[in-house]
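Taking it in order: structure first as structure tokens, then the write-up.
We number each residue from 1, following the sequence as shown. Below, each value reflects all heavy atoms present in this structure, side chains not excepted, and no hydrogens, waters or symmetry copies.
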Amino acid sequence: MVNLKSIFSNTSPAPPLRVASPKKGCSCSSKKSKSDSCCKAEPKSSGKSCCKTESTMASKPLMAETTGSSSSSTSLNSEVKLCCRGSSEANEDEVIQDTDALVLSKHPDHPANLICEFCRIFYNNGWVTGTGGGITIRDNDYVYLAPSGVQKERIQPLDIFVMSLETQKYLRKPLHYKPSACTPLFMAAYTMRNAGACIHTHSQNAVMCTLLFDKVFEISSIEQIKALPKIVEQGNMWYSDKLVIPIIENTEKEEDLEASLRKAIAEYPAATAVLVRRHGIYVWGETVWKAKIYNEAIDYLLELAVKMKQMGIPTVKLD
């Protein structure tokens, strides 16, 4: 098991945090009286700063899967520095808005690095062109999100947003980007399915299938189906099983899809994806690696289904 703190200590130290300016007259390193300081006073003898550092260890580690049955896990230990303003608890406005240490790491499996890597892969696959689509990865309470309006193949770790899953408040906001409009839908996958990651693409295969199928996408008796989980029971699907993915109607604004997506997740407990008509697909998994596998397997099946429809072949095998 590798944690982020040991990675930093064995390589190079994390860059200093760029701290948002406190209220006028506040300096955590200077001694102020209660009358002119916005920080809670510490006993002079303690020698402590009024800033406290909270360290969170991921209890649900990212899984770094390998071939065969063996696997190794990566647990990322990140520090967030909070500055108090009259209270020992920091609220949303008091959290440092540009905590670079949350997203800067030399570890290849750090969520910020994986988001950048996967966005480039998905761009090359034609799934996230023209700034469309998105991806989010969860590491315990930390939710890492690709920004809005950025060409996905150009995303860098410093462009990544970080949110607390518990409070659903941002721990880090890049200075020049907007949060993804997909965020409420990603949160639905986290809160309703305890997902470890969620992927949203504008795959043409997904869009075409929403035009060829009505309320649900169905396909059976294809070997690739075995890559997908049963969810409602242990294990993966069998070759002869029928894969069913619900299709919801698109809306003008992405965030307005949340209600219908939540309804689809509740009504189709065995689904690990939801298609959006004339738009794309949302796919989630227990870990980022599982989400990637499911997304690739489903897109393969969507592409195959389009070709089967063109040839007049039923996507569900008739007995």
Would you check if the side chain of [X] reaches a backbone N or O of [Y] as a donor-acceptor pair within less than 3.5 Å?
X: Asp159; Y: Gln156; answer: yes
X: Asp241; Y: Trp238; answer: yes
X: Ser180; Y: Ser148; answer: no
X: His200; Y: Ile281; answer: yes
X: His110; Y: Pro157; answer: no
X: Asp141; Y: Leu165; answer: yes
X: Arg172; Y: Ile160; answer: yes
X: Asn205; Y: Val306; answer: no
X: Lys152; Y: Gly133; answer: yes
X: Ser221; Y: Lys317; answer: no

Distance from [X] atom [atom1] to [Y] atom [atom2], nearest 0.5 Å?
X: Ile298; Y: Ile293; atom1: CD1; atom2: CD1; value: 11.5 Å
X: Lys263; Y: Tyr268; atom1: NZ; atom2: OH; value: 9.5 Å
X: Cys209; Y: Gln204; atom1: SG; atom2: CD; value: 12.0 Å
X: Thr251; Y: Glu258; atom1: OG1; atom2: CD; value: 11.0 Å
X: Thr201; Y: Phe118; atom1: OG1; atom2: CZ; value: 14.0 Å
X: Glu166; Y: Asn140; atom1: CD; atom2: CG; value: 10.0 Å

Honestly curious: do [X] and [Y] fall in one hydrophobic cluster under the side-chain, below-4.5 Å linking rule?
X: Val232; Y: Val283; answer: no
X: Phe217; Y: Leu212; answer: yes
X: Val150; Y: Ile135; answer: yes
X: Leu302; Y: Ile313; answer: yes
X: Met237; Y: Val244; answer: no

Just so I know, are the side chains of [X] and [Y] near enough to count as touching, which here means a heavy-atom distance under 4.5 Å?
X: His202; Y: Val128; answer: no
X: Met192; Y: Ile265; answer: yes
X: Met163; Y: Leu171; answer: no
X: Val162; Y: Thr99; answer: no
X: Pro269; Y: Ile231; answer: no
X: Ile219; Y: Val316; answer: no
X: Ser203; Y: Phe122; answer: no
X: Trp284; Y: Ile199; answer: no

Fill in: Note: Lys226-Glu223 ion pair, threshold 4.0 Å (strictly below)
yes
Discussion item. Just by distance, no angles: are the side chains of Tyr190 and Thr136 close enough, under 3.5 Å, to form a donor-acceptor pair?
Written reply: yes
Item to complete: Could you tell me whether the side chains of Tyr239 and Gln224 share a donor-acceptor contact shorter than 3.5 Å?
Response: no
Fill in: CA sep, side-chain torsions, deciding dist, call: Leu257, Asn250, side-chain contact (heavy atoms from CB on, under 4.5 Å)
CA-CA 7 Å; Leu257 288 168; Asn250 196 26; 4.1 Å; yes
I need the minimum non-hydrogen distance between [X] and [Y], along with the two atoms involved.
X: Ile121; Y: Lys292; result: CD1-CE, 4.4 Å
X: Ser260; Y: Ile248; result: OG-CD1, 3.6 Å
X: Glu153; Y: Arg120; result: O-CG, 3.5 Å
X: Pro111; Y: Ile137; result: O-CD1, 3.7 Å
X: Pro314; Y: Met308; result: O-CE, 3.1 Å
X: Arg277; Y: Asp214; result: NH2-O, 2.8 Å

Item to complete: Would you check, one step at a time, whether the test side-chain contact (heavy atoms from CB on, under 4.5 Å) holds for Thr183 with Leu145?
Response: CA-CA 8 Å; Thr183 300; Leu145 301 126; 3.9 Å; yes
Discussion item. Before you tell me yes or no, could you show the steps for Lys290 and Asn295 under side-chain contact (heavy atoms from CB on, under 4.5 Å), namely the whole-Å CA-CA distance, both residues' side-chain angles and the distance that decides it to 0.1 Å?
Written reply: CA-CA 8 Å; Lys290 290 293 186 181; Asn295 183 71; over 6 Å; no
Practice prompt. For side-chain contact (heavy atoms from CB on, under 4.5 Å), just list the numbers for Val143 and Met187, CA-CA rounded to whole Å, side-chain angles, deciding distance to a tenth of an Å, and then say yes or no.
Written response: CA-CA 9 Å; Val143 175; Met187 288 299 168; 4.0 Å; yes
Worksheet item: Taking the six-membered ring of Phe213 as reference, does the NZ or CZ atom of Lys309 fall below 6.0 Å from its centre and within a 45° cone about the axis?
Response: yes
Worksheet item: Are the aromatic rings of Tyr170 and Phe161 close, with centres under 6.0 Å apart?
Response: yes
